[in-house]
Chemist: 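I have a structure here, written as structure tokens, and I will follow up with some questions on it.
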Amino acid sequence: MVFTSWTFLVFLAVVLPIYYSLNLRAQNVFLTLASYVFYGWWDYRFCGLMIISTFLDYTCALIIDTSSSSRVRRAFLTVGIVGNLSMLSFFKYFNFFVDSAVEALRFVGMEADPPVLNIILPVGISFYTFQTMSYTIDVYRREMPACRDLVTFFLYISYFPQLVAGPIERAPHLLPQFSVPRVVDNEKIFSGLVLILLGFFKKIAIADVIAPDVEAAYSQTSTATWYFLYKGVWLFAIQVYCDFSGYSDIARGTSRLLGVELMENFNQPLMSASITEFWRRWHISLSSWIRDYVYIPLGGNRDGVGKSYRNLMLAMTACGIWHGAGWNYVLWGALQGFFLSVHKWMMGGRKFTERPLTLVRSPRDFSVYLFKWWCNINLVLIGFVFFRSPTFHGAMEFFEGLVTFRGGFSQFMVADAIDVAWGIALVMLLDVPQYLTRDHTIVLRWPWPVQGLLYGSMLFLMTVMASGDETPFVYFQF
Amino acid sequence: MKLLLSIFSFDTLKIRPWVPAGFVAGLVVFVALEAFARRLEREGAIKPSTIELTIDGYRRELIEKKPKVWLVGNSTAEYGIDAPLFSEITGLPSVKLAHGSATMRASAKLLEYYFRVAPTVPEAVILFSIKDDMNVNGVFPGMSSRYMTQEDWSVPALDRWLTLRACRLSITMKAEEWARSFFKSLRERVRGTEAGVPSETTPEANGDAPFKPSFSTEPIPPDHAWYSDMSRDYRLNVESIPAYAKVCREHGVKKVMLVLMPVTDLYANFHNGHFPEQPYDSLRKQVAEICAKENVILLDLADPSGNYGEFMDPYHLNPTGQKRITRLVAEWLLATE
């Protein structure tokens, strides 16, 4: 069931009162069952896979924690990681590997007759396998003891607010919250509701509304004019940001109603003034996972400049592969690694520190920020062309159209520019206050008439813009 | 029982019976905006967009007239077919409907919409086309996307009380129309009237008086905007006719028909100059083969014509041409009874 659906609202309306009336142990059992109902709503068969993954990591972590032999510990760490990656590889990447192998053989003049498998990609598999792996690795690193309580562990993996599209939680942050009594007070209720409203607004009134224009641009890459394509890539950036961060807001808001705090996943990334800053603000749970479990184990920046660039490239390519079974994602990830490496080189060995807009003190500073922002946002947009294009050829056609200014200015439509301006304005309305105050629920501190105007307008715009169809979140496909 | 009761505890929720003033104000603002919007809509103060009005117009015609023949096409049908004359000759009520202007995806979506809102199924659907409508890479993709966007939200919106989006579209389209007319007049003052561009006034048919075409009969320059706008990367979309036939047959239409509209030799030569490997006549042949395979009744009027007296530009008919072609198509329909 999708968050932005009546089904989910009914589900929540049933779950919350029952949850509030139970003791801690019963709450954990009930939440686990509710989470499996939530997940099984897509397809009950997906639950079996998640149960297998849960048992696998529960067992491996227990053995790792209780064993003193480094060989045994390493062996079960390997079993845990290989088991999860195998599941992920099969369901997500099998057809991609087969197709790529066939193409490679064809390139050298050999024909192959590969097996054809119709594999359904279980929703959220990329998220929960990473979550279980991080738990096993943390136990191996002795950063936390293994969880002995099976119910609590089941809940940690299946917890419905963050199950299908993140944030990818870390065990030291989430697990302890399931072991202590939760308290839900007025502050949590109202801040949770505000987060849910913001998430709904971003999804319904922004992301879903601009989706058809994005589809139109990316389906006509060989003929559309340059400004139509440029509009398409801008709107896609807004769409994927609002869709994904909207989901995260709803997840955090819902979780807050349950008394559980989830990590922030987006910190106004479209306002970043450098690619390094962008990746500290975009999909934070994934980028920090890649940093802690791929980049640092590879050596990070400890083994010299050359190796740190290599490790960045590898880590970000892995990030790209995580996003999807396609060479366009691999290319996107590698491109991000390249951009990050270049920025690192430009920093000249200095440690990166953010210089947010709040530190701007003069018009000159602001101009510098704007210039950096403009350069960075266009780098991000370049990456998004690969991310969204269904094929590499389509991405190249897209760039060709942009670079050659296809169509000139003869049919330039003011409406196209206004569509982009409208999307940017709505995003800025929400993001700028959050960015300046570093508080996602800053609206709660505004004067009540301003709050009223904002909430009422958002509700109104949502009812006007809603299409009536249940459109899934973009990141469900990962 | 004790065990069952032991699972209950009411210690989680610790709230005071109080709602922030901002939340209450939000609800009040929402209700007020709703009421205000309904009032505006009842008074007709918010005008729908041009596209919404157009498509709403088609919807009303389908409901009011319950036509037996749908005449579906873009500007070539708009100028080339006289629907009242057609109805008079055939004795069958008919309406003209837009087909989405560009990619087949837009056309099929619009056809689906028409079938959804029409209270009766037509006996015949006639699609009027030129070769550019069947370019797999689409033509005027911006216009096509507007039709698709319109279709996606227009069905509930037309029945709903307000579309703020229509208001925004009205404002942006007015701004766009102003900007385009300004730049167009500026361009014309600088460069003069372009080859093949129709003049401001369409000439009236004038009995036996010799007709002078209002457009240049010189060959169309190869770098004319029609190349980038309409013919770029031309490839005949062989899926377009089957897709169109499928939509019609799924909704119970007995006669699925296609008319390839007349064009001038200037237009055909313009195409041949850019695409010598797929000459204009070979496209007509391909269309005929696909129609035979898909059981679509074809009337090919697309012989490149040197009779410029029937045209107002290289591929749009003028009123003289319109009368003749309407009569021809009507008699052809009757002959296929």
Side-chain angles (χ1 to χ4, degrees), chain A residues 19-27 29 181-186 189-190 193 209 212-213 215-217 219-220 222-225 228 259 406-416 418-419 422 443-444 446-461 463-465 467-468, chain B residues 6-16 18-34 37 102-103 105 135 137-142 144-146 148-149 152-153 156-157 160 162-165 168-169 171-173 175-176 178-180 183 187 225 228-229 232-233:
Chain A
Y19 174 82
Y20 291 145
S21 60
L22 299 173
N23 64 25
L24 175 64
R25 182 80 182 152
Q27 278 180 345
V29 171
R182 271 90 62 180
V183 171
V184 179
D185 55 16
N186 284 59
I189 292 272
F190 297 131
L193 288 174
V209 168
D213 289 316
E215 169 65 20
S219 62
Q220 293 159 40
S222 63
T223 50
T225 55
F228 195 71
R406 185 192 297 150
F409 290 85
S410 61
Q411 291 229 359
F412 180 73
M413 291 191 183
V414 172
D416 286 336
I418 290 178
D419 278 345
W422 177 250
V443 294
L444 281 169
W446 289 354
W448 68 263
V450 178
Q451 285 188 54
L453 197 61
L454 182 71
Y455 302 150
S457 308
M458 285 166 72
L459 282 170
F460 177 70
L461 278 176
T463 54
V464 167
M465 302 297 203
S467 69
Chain B
S6 68
I7 68 171
F8 290 101
S9 155
F10 296 88
D11 295 331
T12 302
L13 202 57
K14 291 198 186 317
I15 56 172
R16 289 172 286 124
W18 164 78
V19 179
F23 279 46
V24 175
L27 272 174
V28 170
V29 167
F30 174 52
V31 169
L33 282 171
E34 287 265 335
T103 60
R105 201 157 99 258
N135 182 0
N137 291 311
V139 61
F140 291 125
S144 180
S145 79
R146 275 167 174 68
M148 287 182 58
T149 311
D152 281 341
W153 58 264
R160 265 192 305 183
L162 178 71
T163 49
L164 198 70
R165 190 177 164 86
R168 177 173 69 85
L169 270 174
I171 295 167
T172 56
M173 288 193 105
E176 178 203 323
W178 178 86
R180 280 163 69 81
F183 284 117
R187 242 192 351 258
S228 56
D229 292 347
R232 186 179 250 278
D233 297 333

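Residue numbers begin at 1 in each chain, while the letters A, B, ... track the order of the sequences.
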Chemist: For chain B, find which of Asp185(A), Leu193(A), Asn186(A) contributes the most heavy-atom pairs closer than 4.5 angstrom.
Modeler: Asn186(A)

Chemist: Please report the closest heavy-atom contact between Thr12(B) and Gln27(A), naming both atoms and the distance.
Modeler: OG1-NE2, 2.6 Å

Chemist: Mind ranking Ala21(B), Ala25(B), Gly22(B) by heavy-atom pairs under 4.5 Å with chain A and telling me who comes out on top?
Modeler: Gly22(B)

Chemist: Provide the closest heavy-atom pair for Ser457(A) versus Val29(B) in the form atom of the first, atom of the second, distance.
Modeler: N-CG1, 4.2 Å

Chemist: Using non-hydrogen atoms and a 4.5 Å limit, figure out which bit of Leu454(A) sits close to chain B: side chain, backbone, both or neither.
Modeler: neither

Chemist: For Leu24(A), is it the side chain, the backbone, both, or neither that has a heavy atom closer than 4.5 Å to a heavy atom of chain B?
Modeler: neither

Chemist: Relative to chain B, which segment of Ile189(A) carries a heavy atom at a distance below 4.5 Å: side chain, backbone, both, or neither?
Modeler: side chain

Chemist: Out of Trp18(B), Phe8(B), Phe30(B), which one racks up the most heavy-atom pairs below 4.5 Å with chain A?
Modeler: Phe30(B)

Chemist: How close do Tyr19(A) and Arg182(A) get, heavy atom to heavy atom, and via which atoms?
Modeler: OH-NE, 3.0 Å

Chemist: Quick one: does Gln451(A)'s side chain have a donor or acceptor within less than 3.5 Å of a partner on Phe23(B)'s backbone?
Modeler: no

Chemist: Within a strict 4.5 Å, meaning less than it, do heavy atoms of the Val28(B) and Tyr455(A) side chains meet?
Modeler: no

